[in-house]
Amino acid sequence: MDALDALLTRSSIGGLTDPAPDEATLTDAFRAALRAPDHRMLRPWRYLVVRGAARTALGQAFLQAALKDTPDLGETERNRLLAMPLRAPLIVVAVLSPRVDDKVPEYEQVLSAGAAVQNFLLAIHAAGFAAMWRTGWMAVHPTVHAALGLQAGETIAGFVYCGTASSASRTPASLPLAEFVREWTGA
Ligand SMILES: Cc1cc2nc3c(=O)[nH]c(=O)nc-3n(C[C@H](O)[C@H](O)[C@H](O)COP(=O)(O)O)c2cc1C
């Protein structure tokens, strides 16, 4: 698949199953992530790979976090949270690690972390696998951060659920360019 095809055909796939992206694909996807534009090369990101039984531990972290806020959580919701990470065979936790820099404000580092996730998604898609970028309250919850070993100041840019599409992927809608793109002539 050439680069433009990958860009134009990638879509988020929520229904994911085995197999997970193989090691060569994952390595390529992380290399692509690390090629994100990055002002002053601050590398404001790092990644955790969660697969197999570790997904169950991540579900436990989601549950513990929810119970901190809502101790009387019902059984249905408890089970839903436990099962969340089992929606894909592999999850990449994209961690935003902002650096203190006098020329690069944090919002630029957030943009870089987002660009890195997009590079990762595109590489996964180009290799014939599928993925979905998710966040939710668990991305910013201190209990989830502690379970994943995040340091002070770090947060989660995304849980990237990865696997093989469980059904045919849809063709992304093509938006009308004229609504989003204008010529600025200086007048
Ligand atoms: C930072 C970020 C967080 C997101 N979090 C969620 C999420 O928690 N749940 C969800 O259903 N979609 C989430 N999305 C949206 C999907 O990843 C996806 O982009 C959207 O469904 C549009 O599909 P497309 O990527 O095929 O255009 C998020 C997107 C971004 C950029």
Side-chain angles (χ1 to χ4, degrees), residues 1 3-17 20-21 25-26 29-30 32-38 44-50 55 58-59 61-66 69-70 77 79-98 105-145 147-148 150 153-177 179-181:
M1 187 183 295
L4 190 59
D5 273 347
L7 285 159
L8 296 179
T9 61
R10 182 209 62 81
S11 66
S12 298
I13 312 285
L16 295 164
T17 187
T25 297
L26 274 181
F30 283 121
L34 299 186
R35 281 300 306 122
D38 175 18
W45 10 251
R46 64 187 183 91
Y47 305 92
L48 302 168
V49 179
V50 180
R55 294 172 305 155
L58 183 59
F62 290 172
L63 175 58
Q64 293 312 317
D69 300 338
T70 313
E77 183 60 9
N79 289 334
R80 193 182 73 82
L81 290 166
L82 287 172
M84 266 187 176
L86 306 179
R87 290 178 292 184
L90 185 147
I91 301 164
V92 169
V93 185
V95 178
L96 168 68
S97 300
E106 187 166 321
Y107 86 88
E108 291 192 10
Q109 301 183 48
V110 174
L111 293 172
S112 179
V117 172
Q118 174 69 349
N119 280 4
F120 183 89
L121 290 172
L122 286 166
I124 293 289
H125 167 61
F129 292 94
M132 178 139 180
W133 184 349
R134 296 180 184 274
T135 47
W137 59 263
M138 47 283 291
V140 292
H141 199 288
T143 300
V144 176
H145 286 189
L148 290 168
L150 267 62
E154 290 188 325
T155 193
I156 293 172
F159 296 99
V160 184
Y161 285 67
C162 303
T164 297
S166 56
S167 54
S169 53
R170 62 192 162 81
T171 306
S174 176
L175 297 175
L177 289 189
E179 278 183 27
F180 300 93
V181 184

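Counting starts at 1 for both ligands and their atoms, in listed order.
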Mutual orientation of the aromatic rings belonging to Phe120 and Phe30 [parallel < 30°, tilted 30-60°, perpendicular > 60°] =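 Plane angle between 30° and 60°, so tilted.
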task = Using side chain to side chain donor-acceptor pair (under 3.5 Å) as the criterion, list what pairs up with Arg46, not counting sequence neighbours.
result =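 With sequence neighbours excluded, Arg46 shows a side chain to side chain donor-acceptor pair (under 3.5 Å) to Glu154, given in chain and number order.
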task = Applying side chain to side chain donor-acceptor pair (under 3.5 Å), name anything that partners Glu77, two or more places apart in sequence or on another chain.
result =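 Glu77: side chain to side chain donor-acceptor pair (under 3.5 Å) contacts with Arg80.
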key: Protein residues that have a heavy atom under 4.0 Å from any atom of ligand 1, sorted by chain and number   =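 Its neighbours under 4.0 Å (heavy atoms only) are Arg10, Ser11, Ser12, Met132, Trp133, Arg134, Thr135, Gly136, Arg170, given by chain and number.
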message = Checking the side chain of Ser166 only, and the main-chain atoms of Gly15 only, is there a donor and an acceptor separated by less than 3.5 Å?
response =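 It does hold such a pair.
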query = Is there side-chain contact between Leu26 and Tyr47, with heavy atoms separated by less than 4.5 Å?
reply =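 No, their side chains stay 4.5 Å or more apart.
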ask   = Pairs in or reaching into residues 128-141: which pass salt bridge (Lys or Arg N to Asp or Glu O under 4.0 Å), with residues at least two apart or in two chains?
value =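 Not a single pair qualifies under salt bridge (Lys or Arg N to Asp or Glu O under 4.0 Å).
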